[in-house]
Structures are given as structure tokens and as C-alpha cells.
Amino acid sequence: MPELPEVETIRIEISPLIIGRRITGVEVFWERMVREPSLDEFRRGVAGQRIVGVDRRGKYLLIRLGSGDTLVVHLKMSGALIVGKSEDEPPQYTHAIIDLDGGMRIFFRDPRKFGLMRLAKDDASVVGKLGPEPLEPDFTSEVLGKLLAGRKAPIKALLTDQDLIAGVGNMYADEALYEAKIHPLRTGGSLSKGEIARLHKAVLKVLIAGIGNKGASIENYLRPDGSKGTAHDEFKVAHQRKAACPRCGTPIRRIAVRNRGTYFCPKCQKMK
DNA sequence: CCCGGAACCTGAAGGC
DNA sequence: TGCCTTCAGGTTCCGG
């Protein structure tokens, strides 16, 4: 599922393919994919525009247009942007196509149909409420401590709350908690200063490793050239059903936290 | 403000 | 073989 490392990989790899190209048209086969404005307005606002940049904020991909507007893409759980040629057959589950000059097209593939696009005048209306970017220098252990102070919710739920930290999703939250040896059900406010420092370091480590491995191809995530990432090969606990803890050999356990599958080592990550 | 649960989606995988 | 259940989870909305 696209989380920060997956979206960042897409940003890095799609930028040289599409920046400088002009969008010649948009086809949308699943209309609910376009949230704002109306589909007609969306088409008019996108068609004819030149792509002048691609940014990322949290899990949002921000495609900058010559008009000053931003084509916002969120891939949710199963979305992928595949760059191909005009004569290519659309991949299965393609729900929208963005045609570019030079005989290229971007296929928006999304089996679960959660992914969305919108056209925005400014960033604030879309990503204004997001928490800090975890890989920016201003995201320090002290900042993380302040965000968690007094919170009664499970740390697993807080880590995946986009208003607290932007970009961390279910998989990387499990990996970070394992790395920091913290039980996913510990409350945010119960973490010691040392544990917060460990967790901060772990979040950076797993995200950077994820980007280095071009994302995790659990489920349907694909890179713009259609290939898979390899980050999931290095997951210690996330989705490791029936596997053993690489540190102590204890079977990995799965529990549900806020209705999300949560994997951890019951021996290394104690409630205390 | 804080917390938890449901809804949106549908293919894949596993059990019987 | 085939049906049924479970699992996957980012975001938004709603109720307490």
C-alpha cells in the first residue's frame, strides 16, 4: 500500500518522465475518482496544461501545473500510476488515463477504487492539516514527544494519524514499533523519553530503508515503470504471518488495533 | 479536543 | 471443486 516511501519513490521516478510535458486530455472511467471540482471543470482545468513539477506531502502526490493549480493524487490502498505509451493497452483496473504529448500516457490503476484525484488552487485546502514531514530536519525527538504527550490512544493508532505525522501508514508503523521495541498498544502518553527517542530514530530508519528499496509491493503497489519495490522483503513483522521474530524466534503475533492488522513480537515488544 | 468504530471498495487467499 | 469467510487499510464521517 502506498505510504510515504512508496509515494516518494513514485515522485522520484515519475518526475523525469512527465515534467515538461503537456497534458493533452483526461479520460475518467470511474467518475467518483475525481472528488473536486466537477468532472467537467476538472477536465477543463487539467487539459492543455504543462506539468511544471511534482511534489509530495505525506501520502499525497502534488502535480504542479503551468496554470498554478495542482493536480492532487492520492493512491489510498491499491492505486498505482503507470507511465506508458499511447499504443499501450491499459493495465487491468485502469480507471483513468492522463494523456501527455510525445505519445505518452499515465494509467491510474486501482483495483479497490479508493484512490482519488482533485484539482486544487492551493495546497492548504488539501494538505493543510497534515502533521510534520518525518524526514524533514524539524521533525525531532522533542517534537514527537510533544505530539504524544498526554495521549491515551494506542501508539500504533497515533503513528498512523496523518494529523500528527504525515506519511506513516500501517506497515511502516508496525516496522518502526518493532525496531523501537515498543508494544503497539502502549498509550502515546505512557512512553518514556528514551522510548520516544528510540521510536523517532526507528521511524526515520524504516522510512529511509523503504525509499532505498523503492517501496514495498504488498498488494498492488507498483512503480511507474510497472515494476515492484523490494522493501517488503526486509519487513521484520509487517504482514509476516506465520513468521518468527528475527531477534528471538518467537512467533509474530497479529492483533487488530483500530481495525487495522497489527503485527509485532510479543516477547521483544512488551506492554511492561 | 480526544477516542473508537463504521463505511467506502473488491480481489486474493485460506478453510471446510 | 466450490462456496464462504477473512484479510488488506487510507481517509472521512459520526457518535460518545
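Distances shown here put a side-chain N or O of A:Gln162 below 4.0 Å from the OP1 or OP2 atom of C:dT11. A:Arg241 has a side-chain polar atom (N or O) that falls below the 4.0 Å cut-off from OP1 or OP2 of C:dA8. Contact check, A:Arg260 against C:dA8: no side-chain N or O comes under 4.0 Å of OP1 or OP2. Dashed line: the shortest gap from a side-chain N or O of A:Lys113 to OP1 or OP2 of B:dT10 is under 4.0 Å. Close to C:dG10, at under 4.0 Å from its OP1 or OP2, lies no side-chain N or O of A:His74.
In this model, no side-chain donor or acceptor of A:Arg109 finds a partner on the base of B:dT10 within 3.5 Å. Evaluation of atom-type donor-acceptor distances gives no pair under 3.5 Å for the side chain of A:Arg258 against the base of B:dG5.
The nearest heavy atom of DNA chain C to A:Lys129 and to A:Tyr263 marks one nucleotide each, and the one closer to the 5' end goes with A:Tyr263. For the pair A:Pro154 and A:Trp30, both in contact range of DNA chain B, the more 5′-proximal nearest nucleotide belongs to A:Pro154. Comparing A:Tyr93 and A:Asn259, the nucleotide of DNA chain B nearest to each residue sits closer to the 5' end for A:Asn259.
Distance, A:Lys152 NZ to B:dG4 P: 11 Å, rounded to whole Å. The CG-C1' distance, from A:Leu4 to C:dG10, rounds to 14 Å in whole Å. The distance from atom CG of A:Leu159 to atom P of B:dC3 is 13 Å, rounded to the nearest whole Å. Distance NZ (A:Lys156) to P (B:dC3): 16 Å, rounded to an integer number of Å. Protein atom CZ of A:Arg112 is 13 Å distant from nucleotide atom C1' of C:dG10, rounded to whole Å. The CG atom of A:Asp161 sits 11 Å away from the P atom of C:dT12 (whole-angstrom rounding). The separation between A:Ile218 atom CD1 and B:dA12 atom P is 15 Å, rounded to whole Å. One atom, CE of A:Met1, and another, P of C:dT11, lie 13 Å apart when rounded to the nearest Å.
Figure legend: A:Arg118 and A:Tyr60 shown without cation-pi pairing, the cationic atom not lying both under 6.0 angstrom from the six-membered ring centre and within 45 degrees of its axis.
Once rounded to the nearest 0.5 Å, the distance linking CG of A:Leu75 with CG of A:Leu81 reads 5.0 Å.
Salt bridge A:Lys121/A:Asp69: present, at least one basic N to carboxylate O contact under 4.0 Å.
Environment of NZ in A:Lys228: sparse, with no more than 12 heavy atoms of neighbouring residues, nucleotides or ligands closer than 6.0 Å.
Relative orientation of the A:His95 and A:Trp30 rings is tilted, given thresholds of 30° and 60° on the angle between their planes.
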